[in-house]
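Here the structure is laid out as structure tokens; the discussion comes afterwards.
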Amino acid sequence: MEQVTLTIDGKEVSVPKGSTVLDASKAAGIGIPTLCHLENVHAIGACRICLVDVGARSLQTACTYPASEGMKVVTNNPRVRSARKTVVELMLSAHRQECTCCPRSLNCELQKVAKILGIQEHRFDGEMPEQILDTSSPSITRDSSKCILCRRCVTVCQQVQGVGALFPVDRGFETAIVPALKNDLIDVACVMCGQCVSVCPVGALYEKDSTDDVWKAIADPTKHVVVQTAPAVRAALGEEFGMPAGTRVTGQMVTALRQMGFDKVFDTDFTADLTILEEGNELLHRVKNGGTLPMITSCSPGWIKYIEHFYPTLLPHLSTCKSPQQMFGALAKTYYAEKAGIKPEDIFVVSIMPCTAKKYECQRTEMSAHPGIPDVDVVLTTRELGKMIREMGMDFANLPKGECDSPLGLSTGAAVIFGATGGVMEAALRTVYEVVTGETLDNVNFTAIRGLEGVKEATVKVGDLDVKVAIASGLSNAKKLMEKIKNGEADYHFIEIMCCPGGCLGGGGQPIPTTNEIRKARMGAIYEEDEHLTIRKSHENPAVLALYAEFLGEPLGHKSHELLHTHYTPRAKYPETDKEEVTTGGE
Amino acid sequence: MLETTQCPNCKKTDVADIRDCVRQFGRDQGNLIPILHAVQKKYGYLTADATEEIADWLGIHASEVYGTATFYTLFSTKPLGKYVVRLCDSPPCHIEGSLSIQKAIEEDLGVGNGETTEDGLFTLEVVSCFGLCGVAPAIMVNDEVHGNLTPEMIPAILSKYRKEGN
Amino acid sequence: MPLYRSHILVCTGTTCVLKGCTAVQSALIAEIKRRGLENEVKVVETGCLGISEKGPVMIVYPEGVTYCQLKVSDIPEIVEEHLLKGRTVSRLVYTGPVTGEVKPAHPGRQKEQRIVLKNIGIIDPTSIEEYIAYGGYEVLGKALTQMTPEQVVAEVKTSQLRGRGGAAFPTGIKWELTAQAKGDNKSVICNADEGEPGNFKDRLILEGDPHCVVEAMIIAGYAVGAKTGYLYIRGEYHQSVAHTEKAIADAKAMGLLGKDIFGSGFDYDIKVFKGAGAYVCGEETALIESLEGRRGESMVKPPFPPTQGLWGQPTVINNVETLANIPHIILNGGEWYAGIGTEKSKGTKIFSPCGDVFYPGVYEVPFGITMREVIYELAGGTKSGKPFKAVLVGGPSGACVGAESMDKTFAYEDLAPGAGALIVMDEDKCIVDTVNNCLKFFVHESCGQCIPCREGTKRMYEMTKSWTEGQGEEADLALMQALTSNLALTSRCGLGQVAGTAFATSYKLFPDEYLSHVVGAECPTGKCTMTNGGGKNNG
Amino acid sequence: MANTVNLTINGMSVQAEEGMTVLQAAQKAGVYIPTLCYHPDLSIEGVCRICVVEIKGQRLLCPSCAYPVAEGMDINTHSPKVREARRTIIELLLANHPDECLTCSNNQKCELQRLAKELGVQQVRFEGARRDVPIDTSNPSVIRNMDKCILCKRCVRVCHEMQSVGAIFANKRGWDTVIAPPFNKELSEMVCVFCGQCINRCPTGALKGNDPAAEVWEALSDPDKHVVVQTAPAVRAAIGEEFGMPAGSLVTGKMVAALKMMGFDKVFDTDFTADLTILEEGNELLHRLKTGGTLPIITSCSPGWINFIEHFYPEQLPHLSTCKSPQQMFGALAKTYYAEKMGIDPSKIVVVSIMPCTAKKYESERPEMRSSGYQDVDYVLTTREAAGMMKEAGIDLPNLEDGKFDLPLGMSTGAAVIFGNTGGVMEAALRTVYEVVTGKTLENVEIKAVRGMEGVREAEIDLDGTKVKAAVAHGLANARKILDLIKEGKADYAFVEVMCCPGGCIGGGGQPHPTSEEIRKKRAEAIYAEDSGMALRKSHENPAVLTLYKEFLGEPLSHKSHELLHTKYTAKTKKKAKA
């Protein structure tokens with residue numbers, strides 16, 4: 001690749017042509033503070049924090065300014081320092097300072113930048129923009145008084161997710177980032193994925209906090225409180241405690257949950273295995289009986305909401321299986337309640353999810369086995385669990401490793417990989433192969449469908465059947481596949497779609513920040529966990545088999561349909577996003 | 001400024017005078033409160049040089065002497081009026097109308113809580129209960145107590161002191 | 001020493017002083033002199049005679065005639081008629097049985113059983129001779145010469161006497177812990193920092209019978225093996241200081257204090273220490289800090305004073321009233337004392353009803369008396385005659401109790417009396433306003449070292465203040481409850497722990513009155529001035 | 001050995017020793033309890049109530065920092081009750097604390113900020129009056145903003161207990177309580193020695209130094225100025241902590257590289273003048289020994305210590321060595337010797353110091369410190385402030401390649417490095433004095449007798465038959481002990497080293513937060529490691545110093561030395577309140 005050579009603060013550095021000054025400074029080991037910049041996604045030079053002196057009349061933003069041959073960049077002179085300071089001070093003049101009770105305190109990019117730049121005064125005092133506090137959504141809270149208008153959320157919502165629920169309105173000092181028609185979030189086609197929360201540099205967007213409800217339930221002696229944890233949580237939770245991304249903390253997490261006072265610590269992986277049995281059989285059933293194909297996975301609630309809004313005509317393609325979280329909830333309040341002799345209304349089910357959309361999912365009216373009692377009572381994100389563990393003052397990294405309770409805590413490696421894009425597909429193939437062929441699958445690793453690519457395709461030989469599969473993560477990638485189906489160009493049997501880039505491991509409820517590097521590391525941890533398990537195929541999970549024997553009967557049986565399957569609702573599409581040119585998938 | 005101490009009686013301002021006042025007590029810290037009482041009584045308030053004299057005598061820091069003095073309401077670090085009118089506004093007196101007494105005093109003296117009249121005669125302090133609940137509402141003027149008060153009684157009481165003081 | 005044919009006891013209790021007894025007394029002395037009777041008639045100042053509401057009061061002995069509601073202009077007539085001519089001035093005579101016992105002020109006084117207050121109003125508090133004449137210091141001799149310290153402690157334990165300052169810790173156990181603790185410089189502290197609004201019993205005891213307390217402190221010192229006693233009197237109690245200082249000087253002069261008391265080999269001294277205006281110094285560890293010359297901030301507990309108190313040495317700290325019981329217990333035996341009162345609350349308790357009562361004052365009654373008896377019979381019911389509304393039992397730090405508890409008995413197992421204050425409110429008084437005033441008191445008196453009390457009392461006060469101004473918000477009530485329980489759980493000393501009690505208890509009794517202030521911005525009694533024009537819904 | 005006590009903490013069986021507090025027992029068992037007013041260096045205050053725990057059978061929550069363990073105690077450190085109580089307390093503090101995190105000097109290091117996060121505070125339910133006290137900016141060393149004070153009294157405790165200075169105390173009471181000098185004077189009017197130990201222990205941004213970063217940046221970008229920087233020995237053993245490196249990381253080369261990136265024209269080393277100090281002070285000692293001068297001679301490197309003796313023991317000033325501190329020797333030489341050598345107009349030279357110390361800021365402004373005809377040292381940055389400037393410049397210190405000090409004022413020996421530790425000046429001096437007096441080579445240069453963290457240490461050194469008694473003290477409360485001995489005529493020392501701050505300069509008031517004995521020990525180890533890694537370890541072998549004498553000064557204690565390198569002291573009244 002063609003290189004350009006330039007000097008930054010007197011230091012010579014060579015970078016590929018097309019790099020920005022920011023890229024070059026990174027290569028030179030010189031830090032330039034940024035705020036609105038979001039690597040690979042968003043470089044618009046809006047916040048002006050990364051201003052540098054390139055010898056031009058005005059200062060330039062390093063995140064947008066191209067590096068050129070022989071260029072002399074100064075990142076630190078009086079002009080630059082004073083400009084950056086003024087910019088931050090101006091930001092502060094419109095930022096409601098209540099750091100100490102902000103959910104992002106000590107993980108806030110503005111706080112960090114203010115510290116680095118040594119901001120010690122607040123020279124600009126005046127009118128503050130009107131605060132919009134939108135708590136309408138069960139998943140995401142918006143607080144405009146903290147917003148610095150970096151527009152990362154706008155970009156991620158439009159370009160990465162293709163949803164376009166948020167957009168700037170009005171102009172100048174009145175500019176605000178709001179849903180269409182200044183509606184509340186609940187009233188627009190927001191899929192609640194939380195990717196906006198994940199990229200927000202400050203505390204303007206954050207998940208609806210449900211930790212108090214959980215503390216209350218734990219303290220209530222009449223409640224039997226059980227918890228399930230999604231596979232992606234264990235690959236990321238450690239980051240909340242300063243551990244490097246990709247650290248597996250399953251055992252510590254279980255111990256922490258137990259010490260917090262949960263009566264039973266179960267695992268969503270159990271119902272992930274169950275999903276494979278139901279969904280695999282559903283696929284085989286559709287293939288055999290000429291049902292709607294391709295069949296599409298239905299684990300990801302953000303994805304479900306997306307298809308309901310944007311492609312309601314394609315709903316028959318969706319598997320009717322509930323997500324593992326909801327299967328768990330339904331079984332906890334039926335099968336487990338019976339088995340343990342506890343009244344369903346006394347059982348309180350808490351889910352720990354990498355996901356904000358799950359908070360919405362558990363409130364859907366169809367998700368209750370007993371009328372009026374939700375199957376899952378409260379959903380917490382990985383971050384909220386981190387918060388609760390902090391409140392307990394635990395030395396998380398050094399906790400002894402615990403194990404999940406049975407029966408709903410038993411799982412296989414096939415379930416663990418649900419956390420990564422392609423994982424559901426891989427798990428399904430492991431089972432489908434053996435069910436169809438009756439042979440043992442020797443190499444369970446379908447590496448062809450692993451990785452962070454936005455859309456993946458593969459053809460897998462199952463007996464004499466060539467199974468054509470496709471996998472997408474990130475909704476703008478899902479959209480590509482939907483368009484294909486719509487246009488009759490999709491000859492796939494089975495499609496896996498995950499709402500968030502990289503799958504659940506990159507979910508909107510995961511620790512902040514989430515970058516590609518970090519996604520890769522978390523993915524590594526998930527496959528490592530799979531490798532470490534002795535049972536790696538869902539249909540070999542003895543607890544699942546016992547469940548069928550004792551309670552459900554058989555996959556797709558009557559009871560299964562009642563408890564484990566669901567239906568979908570076509571929804572109106574509010575904001576028009578079709579016209580938006582989708583330029584990047586992000587991954 | 002609070003820099004020099006003047007004895008209100010003999011008008012002496014030299015340090016030796018304060019020293020005598022302080023050094024009649026022992027040198028352990030347990031004497032701090034009694035010394036502060038003595039200084040307060042003699043000079044009417046605690047001055048900077050008295051603070052240092054006490055600190056030296058007791059072998060503690062001036063900051064501690066000052067910090068301790070300011071903890072107690074009977075010690076003052078600024079000059080007070082010749083008559084300190086202490087009005088109780090704790091519940092028994094409050095229930096029996098201490099606020100109306102306060103208002104009457106404030107009107108008569110033309111000063112508010114914590115203030116001293118221009119002629120230096122009166123300082124008004126709203127304080128906590130001093131155990132005259134049986135005759136609430138009550139005030140203390142220096143060491144003298146007046147109870148079962150009504151606002152109408154205030155001018156007469158104050159004018160008596162005004163006469164005495166001038 | 002001249003022999004007087006008549007003694008005139010003039011009450012100079014604080015209340016009588018307020019009523020003008022000083023002028024009466026000077027007039028009396030002048031008149032006696034004018035008539036040349038100064039070698040025949042002696043004028044004696046005495047503590048409260050118990051009928052202060054009729055003050056100024058004097059009693060002429062040996063006849064035992066009590067004159068009341070005296071004016072200066074009455075004096076020549078009394079001297080002329082009574083002292084010279086031997087004729088009683090009947091229009092001034094207080095009508096009641098004159099027996100040498102304390103005259104009942106009103107029928108309710110008969111309910112009293114005076115042990116602690118036995119000498120009050122009977123003797124000249126500035127005369128050690130009179131105290132001795134009334135049997136004083138006899139018990140001290142008995143204790144020091146006939147009893148071992150262990151026996152003294154045992155007697156106090158038998159009596160089941162509990163601390164009268166409010167916390168009600170068993171005195172005998174406190175003494176025993178102190179006696180058993182190791183230390184070569186133990187102390188006895190009499191806590192006379194009476195600062196809880198509504199309480200004025202300790203002042204009465206110190207003004208009227210200081211020797212009783214001095215004697216008790218010597219006995220306590222003997223029992224626990226102390227060398228020094230400290231009488232920590234609040235700085236505002238000038239007369240208490242004067243009387244106790246005189247009492248100590250007199251006792252010293254008679255060898256009752258100092259080296260080898262009663263030849264027992266026991267050395268003991270008492271020092272009077274004047275407080276300087278800090279309610280929190282009534283907390284025993286804060287009091288110790290103050291004695292040691294520091295800010296009156298409570299100490300970390302444990303250790304407790306009986307093992308580590310003043311100067312790091314074992315220290316026993318007792319309230320004035322508690323100590324004043326001691327000579328009587330030693331004299332009559334613990335069994336005798338334990339025979340008075342109820343099953344778990346032994347002896348008598350002094351109450352000081354005040355606020356909206358007809359006869360505010362100090363009354364000593366056995367435990368087990370009902371609140372109704374104290375408020376209606378002893379204190380004469382409400383001053384205005386209007387219905388009773390509520391009472392703060394013990395003062396601002398105590399519980400707010402309503403008419404529903406009228407027939408409860410004062411006893412630790414039923415209605416705990418605190419230090420004995422009863423701040424009574426009639427129906428015209430506003431509960432919110434009163435609680436706001438209680439909180440103002442705590443803000444002013446918080447020492448400020450621990451966060452919950454320093455910041456919490458302030459926020460609580462600000463909230464109730466806003467309620468009295470019609471500026472409350474409904475969420476405030478839950479917030480107040482949260483603060484109340486936080487302060488109770490986490491404050492470093494009793495002050496913060498009880499600061500929310502008046503609110504918590506009164507809110508249970510009068511929720512509507514609170515709601516009306518907080519939500520409706522209206523004060524049912526009309527006492528609070530709503531600054532937003534009254535009635536939130538209107539604005 | 002204390003008796004063992006069996007307890008249960010959070011359901012876990014734990015053993016502790018009798019006399020331990022619940023907090024200590026929990027820490028020993030690896031159970032975390034949040035604290036605020038507690039500080040490992042200081043006495044127990046027990047006022048913040050953050051460390052409260054639930055103990056079975058106790059009606060109230062108990063402060064674990066002050067509560068002794070007892071057999072069979074059943075403790076819950078994080079029960080719902082406890083967590084709620086802690087959160088409420090933090091809310092109460094926040095309700096009376098300015099919402100200024102983003103412009104606060106302690107942003108992201110603030111213990112209140114961290115606790116609010118940790119305890120899950122999401123709102124402040126209380127509002128009302130807030131403290132409003134004027135900010136005290138009367139002096140360059142300690143700026144006091146009492147609106148941010150949470151009244152933990154750590155500053156009061158360190159000032160009274162560790163430093164025995166007592167400049168501040170809690171005044172008034174209740175909600176009106178404020179930590180201040182008497183009569184609400186400003187610190188400059190008080191006997192404050194400007195050691196900055198209070199800043200080091202402040203959990204919030206209530207106390208900070210006056211940061212001259214803006215002025216230094218301006219000088220750096222002024223093409224007319226020749227800006228040189230000197231770094232004190234203790235800085236290199238601590239500045240890494242500001243960048244997240246563990247305590248005890250030695251980053252000399254990286255620090256030099258960072259300073260060069262910042263644009264300093266020359267990066268020099270205070271160690272150079274530390275070596276010079278040894279030659280001057282060593283000779284002064286020998287001179288006093290020979291001529292019967294005032295003994296013991298006491299070191300004069302530490303400006304907080306100088307302030308202390310001037311205020312509290314003015315009659316003992318003749319004991320002080322007349323040597324300026326290395327920082328000031330450096331400044332004087334930079335604007336004379338170095339200016340001459342380089343042919344630069346001294347008025348164009350800007351001398352910046354990076355010091356572990358806040359008192360150095362005051363020292364540089366003393367009127368007698370202008371022997372070059374200009375203010376010898378223009379700006380003093382603390383370790384913290386220097387790190388702040390590096391961060392502002394985007395410098396990633398931990399990943400820099402090592403740089404090298406410039407010559408000649410950057411040349412130094414191991415003897416100079418150890419100036420950063422308590423006992424270091426003494427050890428360095430003895431290394432030189434031994435060889436000068438005996439004419440022999442000192443084989444083992446490590447004089448362990450004067451090392452360590454004990455408050456007062458004594459040693460007897462055999463100088464080839466002549467026995468010399470020496471003493472070392474650090475922390476002013478310990479210095480006081482030695483001065484009292486001298487006062488009483490009970491000190492038969494020839495030489496005394498006193499450092500104002502605990503641990504010496506490595507524990508200085510300008511060093512990174514937090515500080516504790518453990519951290520100070522690690523920094524001290526780093527300093528000794530630097531010394532033992534150096535080829536030259538005796539000051540009189542420093543070739544640059546020898547050249548300096550040859551070219552410029554002549555000899556130790558020469559006329560020129562006296563003019564530039566020595567100073568005089570002023571007796572100050574203890575009663576500055578009157579001034």
Side-chain angles (χ1 to χ4, degrees), chain A residues 9-11 25 29-33 75-79 81-82 84-85 88-89 91-92 95-108 110-123 209 211-212 215-216 218-219 259-261 384 387-388 390-395 398, chain D residues 10-11 30-34 77-81 83-84 86-87 90-91 93-94 97-105 107-110 112-124 208 211 213-214 217-218 220-222 261-263 385 388-389 391-396 399-401:
Chain A
D9 294 342
K11 207 170 177 183
S25 76
I30 291 165
I32 295 177
T75 72
N76 180 36
N77 65 18
R79 234 164 48 118
R81 275 193 309 273
S82 126
R84 286 179 187 167
K85 273 192 178 154
V88 174
E89 281 182 61
M91 244 174 229
L92 298 189
H95 182 84
R96 193 156 59 93
Q97 278 203 57
E98 39 159 49
C99 289
T100 45
C101 40
C102 177
R104 288 296 295 279
S105 184
L106 298 179
N107 186 20
C108 167
L110 181 59
Q111 211 178 43
K112 203 169 147 198
V113 162
K115 175 74 181 178
I116 286 174
L117 298 185
I119 308 290
Q120 301 230 7
E121 347 167 54
H122 193 148
R123 290 175 298 173
D209 192 303
T211 53
D212 274 350
W215 283 130
K216 261 182 218 141
I218 290 176
Q259 287 189 5
M260 281 161 65
E384 287 168 273
K387 176 175 174 249
M388 292 178 81
R390 269 196 297 278
E391 283 176 40
M392 287 295 288
M394 291 177 197
D395 178 9
N398 295 315
Chain D
N10 300 341
V31 175
Y32 168 79
I33 298 175
T77 65
H78 283 80
S79 70
K81 213 172 170 183
R83 281 184 279 123
E84 176 59 31
R86 288 184 190 143
R87 199 182 312 173
I90 292 290
E91 279 184 61
L93 279 180
L94 294 177
H97 192 86
D99 286 326
E100 288 171 9
C101 289
L102 294 170
T103 49
C104 179
S105 59
N107 180 20
Q108 304 216 300
K109 285 199 157 181
C110 171
L112 183 60
Q113 200 181 36
R114 184 175 54 71
L115 277 175
K117 167 89 176 177
E118 189 180 298
L119 300 175
V121 174
Q122 290 182 27
Q123 53 165 340
V124 175
K208 63 171 185 177
D211 188 346
W217 281 128
E218 205 180 306
L220 285 172
S221 53
D222 185 342
M261 282 173 81
M262 281 163 70
E385 289 156 2
M389 289 181 75
K391 286 181 194 167
E392 193 179 348
I395 294 169
D396 179 19
N399 294 315
L400 293 183
E401 303 266 332

Show, in sequence, the C-alpha distance, side-chain angles and deciding distance for D:Glu118 and D:Ile90, and conclude whether the side chain to side chain contact (heavy atoms under 4.5 Å, CB included) test is met. CA-CA 11 Å; D:Glu118 189 180 298; D:Ile90 292 290; over 6 Å; no
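Ranking A:Cys99, A:Ala114, A:Gly393 against chain D, the residue ahead of the rest is A:Gly393, based on heavy-atom pairs under 4.5 Å. When each of D:Gly120, D:Gly388, D:Ser221 is checked for heavy-atom pairs under 4.5 Å with chain A, D:Gly120 comes out on top. In terms of non-hydrogen atom pairs under 4.5 Å with chain D, the most contact-rich of A:Arg390, A:Lys387, A:Arg81 is A:Arg81. Highest contact tally toward chain A, considering only D:Pro80, D:Ser79, D:Gly30, D:Ala116, is held by D:Ala116 [criterion: heavy-atom pairs under 4.5 Å]. Each of D:Arg86, D:Glu218, D:Glu91, D:Glu100 has some count of heavy-atom pairs under 4.5 Å with chain A, and the biggest count is that of D:Glu100.
D:Leu119 approaches D:Pro34 most closely through the heavy-atom pair CD2-CG, 4.4 Å. Taking every heavy atom of both residues into account, D:Asp99 and A:Gln97 meet most closely at CB-O, 3.0 Å. Between A:Asn76 and A:Asp9, the closest heavy-atom pair is N-OD1, 4.0 Å.
Heavy-atom distances place both the backbone and the side chain of A:Ile30 under 4.5 Å from chain D. Contacts of D:Asn399 with chain A are absent, with no heavy-atom separation under 4.5 Å from either backbone or side chain. Proximity to chain A is limited to the side chain of D:Met261, based on heavy atoms less than 4.5 angstrom apart. Within the 4.5 angstrom heavy-atom criterion, no atom of A:Ile218 approaches chain D. With a 4.5 Å cut-off on non-hydrogen atoms, A:Gln111 touches chain D through its backbone and its side chain both. In this structure, the portion of A:Thr211 lying under 4.5 Å from any heavy atom of chain D is its side chain and not its backbone. Proximity to chain A (any heavy atom under 4.5 Å) is shown, for D:Leu102, by both the backbone and the side chain. Contact of A:Arg96 with chain D is not made at all, since no heavy-atom distance falls under 4.5 Å.
With sequence neighbours left out, the side-chain contact (heavy atoms from CB on, under 4.5 Å) criterion links A:Asp212 to A:Trp215, D:Arg87. With sequence neighbours left out, the side-chain contact (heavy atoms from CB on, under 4.5 Å) criterion links A:Glu89 to A:Lys85, A:Ile119, A:Arg123, A:Phe124.
For the residue pair D:Gln113/D:Asn107, the side-chain donor-acceptor check at 3.5 Å is satisfied. Judged by distance alone, the side chains of D:Asn10 and A:Gln259 never bring a donor and an acceptor atom under 3.5 Å apart.
Within the 4.5 Å cutoff, side-chain heavy atoms of A:Leu92 are placed close to those of A:Leu110.
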